[in-house]
Colleague: 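Questions regarding the structure given below will be posed in turn.
The analysis underlying the following values was restricted to heavy atoms, covering all of them including side chains, and did not include hydrogens, waters or symmetry mates.
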Amino acid sequence: MYLISIANRTLFNRRQDNKRIFKISTISYVLAIFIVVMHVSLRLQRFLINLEDVGNLEILTNCSMAVFSFAVPMYFLISGFLFFNNYTKEKAKEKVASRIFSLGIPFVIWNIFCYLIRVSMSYIPVLNLEEPTENIIEAIWQSSYSPLWFLRSLGVMIVISPILYYLIKNKIIGMVFMIALTILSLVGFDIPLISLYYLPIFIFGGYMALHYKALALCTNRESKYKVLFLAFFVILVLVACFVDFGKYQIVLHIYRFAMPIVFWVVADSFFDFQKSSKWYVRYDFLIYCTHTIILDFFTELLLVLPVNSYGLYFLQIFLPIILVLFITTWGYFWNKYSPRSLRFAIGGR
């Protein structure tokens, strides 16, 4: 009976681990889509200046950028949780080394890729673009033509993770440390390279992994407060749509901190994580790395074409879908014919 009990417990733990992996993979893919929608909205706003009767379209783009602005903070939250999950002093060096590879390789490869595409765009006469003013080293470090500043900031957080671990391994000290960092970021204080704005969110993910892992892995279907979380989710979406985050930065900060936590819980109401993850979710990182330079090319092309408000409505709705499908298909064929090179390019993911 004892051996059967151990076997059952092992099987249960394995199923829970698989469920967690499926959930993180699926949510990461959804977050990549949210970021694409947000960046499409941002670029389409360039066209609104010269058009009339764009009231509803402007509301749509503003709401999209506000509602989905929690996507990058949630990446930091998940990254913190995964990094500090099962973290020990003995594993620290190994964990840091593995993250340096998984973050550093894609950071260099995709920044070079985006820089070369941007240089090539400057030789297309119809786009009327000048050559980049910075050299390739500056473009890589600054992520001038990609959204990969996220990897640079995350890499710095990983490097200082032994210090962070020492501070957050104690519940009280860790909580005080997070609150202090949050206050500092709210008053405008920043630390070069680290992105102090996102550091408390990363630390919170690690804090949950160290002290409240069972609670963090709790699902909305298992929660007694299912309706409450769903109501909170709806309220946060309404706040993002109707509150001007530009005027009320503290509300934006609270939203970007609260929404990732709430979305993690309520995601179980939208997706079935009991089953294995779909094949396409593995391309979430490829979408994140490449979508902006493709979108920039398309946007510059649109600038020389006649576009009306109806066309912008169409682009706001369908361009994210087209872009995600294109990159996912690209990833599928790349994985089919050269899986090792794809795996290397995305840092072994």
Colleague: What's the spacing between Met74 CE and Ser79 OG if we round to 0.5 Å?
Modeller: 11.0 Å

Colleague: Does a side-chain heavy-atom distance below 4.5 Å link Ile203 with Met157?
Modeller: no

Colleague: For residues Asn170 and Ile172, report the shortest heavy-atom separation together with the two atoms involved.
Modeller: OD1-N, 3.0 Å

Colleague: Please verify the inter-ring angle class for Tyr87 with Phe83; under 30° counts as parallel, over 60° as perpendicular, anything in between as tilted.
Modeller: tilted

Colleague: Quick one: OG1 on Thr26 to OH on Tyr280, what's the gap to the nearest 0.5 Å?
Modeller: 7.5 Å

Colleague: Is the number of heavy atoms from other residues, nucleotides or ligands under 6.0 Å of Phe101 CZ greater than 12?
Modeller: yes

Colleague: Answer whether the closest heavy-atom distance between the side chains of Val119 and Ile136 falls below 4.5 Å.
Modeller: no

Colleague: Measure the spacing between OH of Tyr197 and OG1 of Thr182 and express it to the nearest 0.5 Å.
Modeller: 10.0 Å

Colleague: For the pair Tyr123 (side chain) and Glu131 (backbone), establish whether a donor and an acceptor sit closer than 3.5 Å, ignoring hydrogens and angles.
Modeller: no

Colleague: What's the shortest heavy-atom distance between Ser28 and Asp284, and which atoms?
Modeller: CB-OD2, 3.2 Å

Colleague: In terms of ring plane angle, is the pair Phe318 and Phe314 parallel, tilted or perpendicular, where the classes change at 30° and 60°?
Modeller: tilted

Colleague: How far does CG of Leu315 sit from CG of Leu323, to the nearest 0.5 angstrom?
Modeller: 11.5 Å

Colleague: Test side-chain contact (heavy atoms from CB on, under 4.5 Å) on Ile24 and Trp264 and set out the steps.
Modeller: CA-CA 9 Å; Ile24 290 174; Trp264 172 269; 3.7 Å; yes

Colleague: Is there any ring pair (Phe, Tyr, Trp, His ring centres under 6.0 Å) pair reaching into residues 138-157, and which pairs are they, with sequence neighbours excluded?
Modeller: Tyr75-Phe150, Phe76-Phe150, Trp149-Tyr198, Phe150-Tyr288

Colleague: So how far is it from Phe344 CZ to Ile346 CD1, rounded to the nearest 0.5 Å?
Modeller: 12.0 Å

Colleague: Taking all heavy atoms of Ala32 and all of Ile287, pick out the closest pair and write down the distance.
Modeller: CB-CG2, 4.1 Å

Colleague: If you look at every heavy atom in Tyr255 and Ser69, which pair is closest and at what distance?
Modeller: CE2-OG, 3.7 Å

Colleague: So do the side chains of Leu82 and Arg99 get within less than 4.5 Å of each other, counting heavy atoms only?
Modeller: yes

Colleague: Show the numbers, then the answer: is there a side-chain contact (heavy atoms from CB on, under 4.5 Å) between Ile35 and Phe68?
Modeller: CA-CA 7 Å; Ile35 291 173; Phe68 298 135; over 6 Å; no

Colleague: Would a single hydrophobic cluster contain both Trp330 and Leu116, if residues Ile, Leu, Val, Met, Phe, Trp and Tyr are joined by side-chain heavy-atom contacts under 4.5 Å?
Modeller: yes

Colleague: Start with the C-alpha distance between Ile124 and Leu301, add both sets of side-chain angles, then the distance that settles side-chain contact (heavy atoms from CB on, under 4.5 Å), and finish with yes or no.
Modeller: CA-CA 10 Å; Ile124 301 176; Leu301 189 61; over 6 Å; no

Colleague: Could you pull out all residues at least two apart from Ser341 that satisfy side-chain hydrogen bond (donor to acceptor under 3.5 Å, both in side chains)?
Modeller: Trp334, Ser338

Colleague: For a 4.5 angstrom cut-off between non-hydrogen side-chain atoms, does Ile100 reach Val159?
Modeller: yes

Colleague: Would you say CZ of Phe232 has more than 12 non-hydrogen atoms from neighbouring residues, nucleotides or ligands within 6.0 angstrom?
Modeller: no

Colleague: Determine the minimum heavy-atom distance between Cys114 and Cys289, stating which atoms define it.
Modeller: SG-O, 3.9 Å

Colleague: In the single-linkage hydrophobic clustering (I, L, V, M, F, W, Y; side-chain heavy atoms under 4.5 Å), do Ile173 and Val176 co-cluster?
Modeller: no

Colleague: Using the side-chain hydrogen bond (donor to acceptor under 3.5 Å, both in side chains) criterion, which residues pair with Glu130? Sequence neighbours excluded.
Modeller: none

Colleague: Can you tell if the side chain of Val281 reaches within under 4.5 Å of the side chain of Phe22, non-hydrogen atoms only?
Modeller: no

Colleague: side-chain contact (heavy atoms from CB on, under 4.5 Å) between Val67 and Met38: does it pass, once the steps are laid out?
Modeller: CA-CA 9 Å; Val67 171; Met38 186 171 60; over 6 Å; no

Colleague: Flag the pair Ile33 / Pro320 as yes when at least one side-chain heavy-atom distance between them is below 4.5 Å, and no otherwise.
Modeller: no

Colleague: Between Leu199 and Leu164, is there a side-chain heavy-atom distance shorter than 4.5 Å?
Modeller: yes

Colleague: Looking only at heavy atoms, which two atoms of Pro73 and Arg256 are closest? And how far apart?
Modeller: CB-O, 3.5 Å

Colleague: My understanding is that only residues two or more places apart in sequence, or in another chain, count here; which of them pass side-chain hydrogen bond (donor to acceptor under 3.5 Å, both in side chains) with Tyr29?
Modeller: Thr328

Colleague: Is a donor on one side and an acceptor on the other found under 3.5 Å between the side chain of Glu138 and the backbone of Asn135?
Modeller: yes

Colleague: Report yes if the side chains of Ile27 and Phe263 come closer than 4.5 Å at any heavy-atom pair, otherwise no.
Modeller: yes

Colleague: Does anything in residues 290-304 pair up under side-chain hydrogen bond (donor to acceptor under 3.5 Å, both in side chains), and if so which pairs, sequence neighbours excluded?
Modeller: His39-His291, Arg43-Asp296, Arg46-Glu300

Colleague: Tell me, yes or no, whether the heavy-atom count around Tyr332 atom OH, taken from other residues, nucleotides or ligands under 6.0 Å, exceeds 12.
Modeller: no

Colleague: For the atom pair CG (Leu342) and CZ (Phe285), what is the distance rounded to the nearest 0.5 Å?
Modeller: 11.0 Å

Colleague: Could you give all pairs that pass the side-chain hydrogen bond (donor to acceptor under 3.5 Å, both in side chains) test and reach residues 156-169, with sequence neighbours left out?
Modeller: none

Colleague: For Phe107, does its backbone N or O pair with a side-chain atom of Asn111 as donor and acceptor, under 3.5 Å?
Modeller: yes

